[in-house]
2 protein chains.
Amino acid sequence: MQITLKDIARMAGVAESTVSRALNDKPGVGKETRLKILKIAKENNYRPNQLARGLAAKKTNMIAVILAEMDSPGNIEIVKSIEKAAEKRGYQIILCNTNNQEDKEESYLSLLESNQVDGAIFIGGKLVGSHLLKASFSQDNRIVLVNRLAEENFFTSVLTDYSQGLYKAVEHLLKENFKKIALVCGNRDNLVEEEKISGYKNALRDSGLEVNEELIFSTANNRQAGYNVFLEIIEGDVIPDSFISTRELTTIGLVEAIKMGGYFIPDDFAVVGYGDNILTSVIDPPLTVLGEPVEKLGKSSLEFLLELINEKMDSQQIKVLTPELIIRESSISKYN
Amino acid sequence: MQITLKDIARMAGVAESTVSRALNDKPGVGKETRLKILKIAKENNYRPNQLARGLAAKKTNMIAVILAEMDSPGNIEIVKSIEKAAEKRGYQIILCNTNNQEDKEESYLSLLESNQVDGAIFIGGKLVGSHLLKASFSQDNRIVLVNRLAEENFFTSVLTDYSQGLYKAVEHLLKENFKKIALVCGNRDNLVEEEKISGYKNALRDSGLEVNEELIFSTANNRQAGYNVFLEIIEGDVIPDSFISTRELTTIGLVEAIKMGGYFIPDDFAVVGYGDNILTSVIDPPLTVLGEPVEKLGKSSLEFLLELINEKMDSQQIKVLTPELIIRESSISKYN
DNA sequence: GCAATTTACGCAAGCGCTTGCGAAACGCTG
DNA sequence: CAGCGTTTCGCAAGCGCTTGCGTAAATTGC
């Protein structure tokens, strides 16, 4: 049997409440008593039952990180950053993978509803913009969204500035003399994809070019989808000379399809990918990418969440971080 | 305020215990009463407080998956497989990343000690073979190890048969006429690395070749380490004609270093990597690998753990799964 | 139609902890 | 040394749930 507070209290000859206060660094315990209790607890390798503690204190010091895509290296980096920040603040994270399934997003939310965690961070995901609003979470102030925007800003978000990122990417490709730039974005089931499109369009317009809607594609974030979208594109009416692909895994598939088709990058098609990670750097040729500010995304989201939990901040804040264009071989025109 | 069991009981005009039994599908509740309670609970969107439930029932239906390396795609696949299996059995997993830090392994173990989870699965990690033994976990029967073996088999393990895998890999390279095969394995802080080495040695010996210890290397599992180990190797006394690299990330770095050095794969050096995942398949050239049985590793480990938890199995079982050699370009000799 | 089962439900204790409140003990001032 | 404020500590309630046990009601058998 596990050793409990009561046991420690008995051994120390004091009340449970005193032990509790001593162990939690709370005032109201004499120095000597405290030391004695600490010693006994240590000697007996006492571990507080976190369930009981959470139940009584209505606080668990755990937060859920609900992740839509565990395959994306960028997401993993965000998680690691959250974890690092959480550790500093005395919180533990529990990672929940939803595989982009809405029902799993919902089921993991029950961790919040059932008080197992003090707050939750969503990285990506679908649910976030829609159902959630209807549900009782609409003014729940223990939720932070990463790279997702809720309608009417119901939740606090930490975002990559996709609009500006895409703007930069288009600018870069234009400067390299690519004129027909295809945009491959994610499924348009969330607001950030519209951001990407708007950045893309703005950049074209500001350069006096017109937007061809036929060059804008949406697809799921996986290798196969990226592969397929290329096949679809080269059979279309308008053949681009370059791609901006905004999801990590899609990008990989796209590049594979290009090469499989016997085309060369960047000679036949230039490619700008997304996410400065092992995948995009290892693939041949190394990809020019919009580097996601993963470190900051993670850190900021955790900090926002803690402020929300501790009621030092109102809901509905939004923080926007700028991605950086990292230029590698895949987008450098030979003719420059 | 959250709605509680008591509230439901009041609304339904029954005792809390009846509500509890109704909601948990336990016998002792009349059909009508049960239906009525279920209805009321549903209407009020009742969510049981899992902390209270866990405290009272001494069971949380959560298990911790303690992961040493979150960057490795193979590990992620294992996690996904565990998750899938867990869902079927009504368990939720919480993922804990240790980044190979022993102290974090220890701190996550407190999830077990403090009753927040019913069991734990370790994927990789250091602690597992050593400290843990000394600690009070030595006969804890709620722990399963993946790809790790505890000394004297203190824990139940699910293992890849590295010995056999390496044997196959060596055989393959020999058949392709590579004679001086270097082995790059992980840090020798755990028993499975010895398995690899023994498989490697056996295969050589069985082919009548002698083992050159200078061709056996150990390194951490990351890109940089793989890069460095190649630099070290080509400056050594014995230059190999091929590599078997048994860690995913190391392998990537190794390949990069080979290419960076102006060498060609497989012409100058053949490479057999580890793990049939996006990284090894996307890199140029696609790598021959020992495909880890990730799906089975995950599923088996979860099933073992549940059997342990439910006391249907004694501790100290071991299951060994065979990796499959997946032959791609990186190890095919031009001269065959 | 009555005793013997079975079924349905309530009571209350208890899981291990936190915390508000009051009592006791202490030190200080004048 | 009386009177005061502090500090230290114990008491007990309570967090929301589960579960063993007891009793009343429903069911069965003959």
Side-chain angles (χ1 to χ4, degrees), chain A residues 1-38 40-41 44-62 90 110-118, chain B residues 1-41 44-62 90 92 110-118:
Chain A
M1 202 48 224
Q2 276 285 65
I3 191 164
T4 73
L5 240 206
K6 195 190 236 170
D7 299 325
I8 304 291
R10 191 168 19 77
M11 296 186 214
V14 299
E16 290 182 45
S17 49
T18 306
V19 178
S20 171
R21 282 187 268 260
L23 259 28
N24 289 313
D25 264 337
K26 298 211 169 160
V29 186
K31 190 154 191 176
E32 289 199 5
T33 335
R34 167 162 282 145
L35 254 37
K36 181 175 166 197
I37 291 173
L38 256 34
I40 296 186
N44 292 279
N45 192 30
Y46 167 70
R47 306 273 172 172
N49 181 323
Q50 299 295 348
L51 296 178
R53 179 185 283 210
L55 183 61
K58 296 182 174 307
K59 180 131 177 46
T60 62
N61 278 319
M62 310 235 315
S110 71
L111 288 172
L112 243 197
E113 300 174 288
S114 66
N115 294 27
Q116 287 185 96
V117 296
D118 295 340
Chain B
M1 200 49 224
Q2 276 285 67
I3 189 163
T4 74
L5 240 205
K6 196 190 234 168
D7 299 324
I8 304 290
R10 192 167 20 73
M11 296 185 213
V14 298
E16 289 182 46
S17 49
T18 305
V19 177
S20 171
R21 281 187 268 260
L23 260 28
N24 289 311
D25 264 337
K26 299 212 170 159
V29 186
K31 191 155 190 177
E32 289 197 4
T33 336
R34 167 162 282 144
L35 255 36
K36 182 177 167 194
I37 292 173
L38 256 34
K39 184 158 163 282
I40 296 184
N44 292 279
N45 192 30
Y46 167 71
R47 306 273 173 172
N49 181 321
Q50 299 295 348
L51 297 178
R53 179 184 282 207
L55 183 59
K58 296 183 173 307
K59 179 131 180 43
T60 61
N61 279 319
M62 311 234 316
Q92 237 170 30
S110 72
L111 288 172
L112 243 196
E113 299 175 289
S114 67
N115 293 29
Q116 287 186 95
V117 297
D118 297 339

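Reminder, nothing fancy here: chain letters follow the sequence lines and each chain counts from 1. This is a predicted model, so every value here is computed, not measured.
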Comparing B/Ala52 and B/Pro27 on DNA chain C - which has the more 5′ nearest nucleotide: B/Pro27
Side chain A/Arg21 and base D/dG10 donor-acceptor under 3.5 Å: yes
Distance check: side-chain N/O of [X] vs OP1/OP2 of [N], anything under 4.0 Å?
X: B/Asn24; N: D/dT18; value: yes
X: A/Ser17; N: C/dC17; value: no
X: B/Ser20; N: D/dT18; value: yes
X: A/Tyr46; N: C/dG16; value: no
X: B/Lys58; N: C/dG16; value: yes
X: B/Arg53; N: D/dT18; value: yes

5' precedence on DNA chain D between B/Leu51 and A/Thr18 (nearest-nucleotide basis): A/Thr18
Could you check how far [atom1] of [X] sits from [atom2] of [N], rounded to whole Å?
X: B/Lys31; N: D/dA26; atom1: NZ; atom2: P; value: 19 Å
X: A/Asn115; N: C/dC17; atom1: CG; atom2: C1'; value: 15 Å
X: B/Leu55; N: C/dC15; atom1: CG; atom2: P; value: 9 Å
X: B/Leu5; N: C/dG10; atom1: CG; atom2: P; value: 13 Å
X: A/Glu32; N: C/dA25; atom1: CD; atom2: C1'; value: 15 Å
X: B/Lys26; N: D/dG20; atom1: NZ; atom2: C1'; value: 11 Å
X: B/Ile8; N: D/dC17; atom1: CD1; atom2: P; value: 9 Å
X: A/Ile37; N: D/dC9; atom1: CD1; atom2: P; value: 8 Å

Approximate separation, where rounding is to 0.5 Å, of B/Lys58 NZ and A/Leu51 CG: 9.5 Å
[X], nearest nucleotide to its side chain (from [options]):
X: A/Thr4; options: C/dT19, C/dC17, C/dC9; answer: C/dC17
X: A/Val14; options: D/dG10, C/dT19, C/dG14; answer: D/dG10
X: A/Asn49; options: C/dG16, D/dT18, D/dC9; answer: C/dG16

More than 12 heavy atoms of other groups within 6.0 Å of A/Lys6 NZ: no
B/Tyr46 and B/Ile40, any side-chain heavy atoms less than 4.5 Å apart: no
Within-4.5 Å side-chain heavy-atom neighbours: B/Thr18 and B/Arg34: no
Under 3.5 Å side-chain donor-acceptor pair for B/Thr60 and B/Asp118: yes
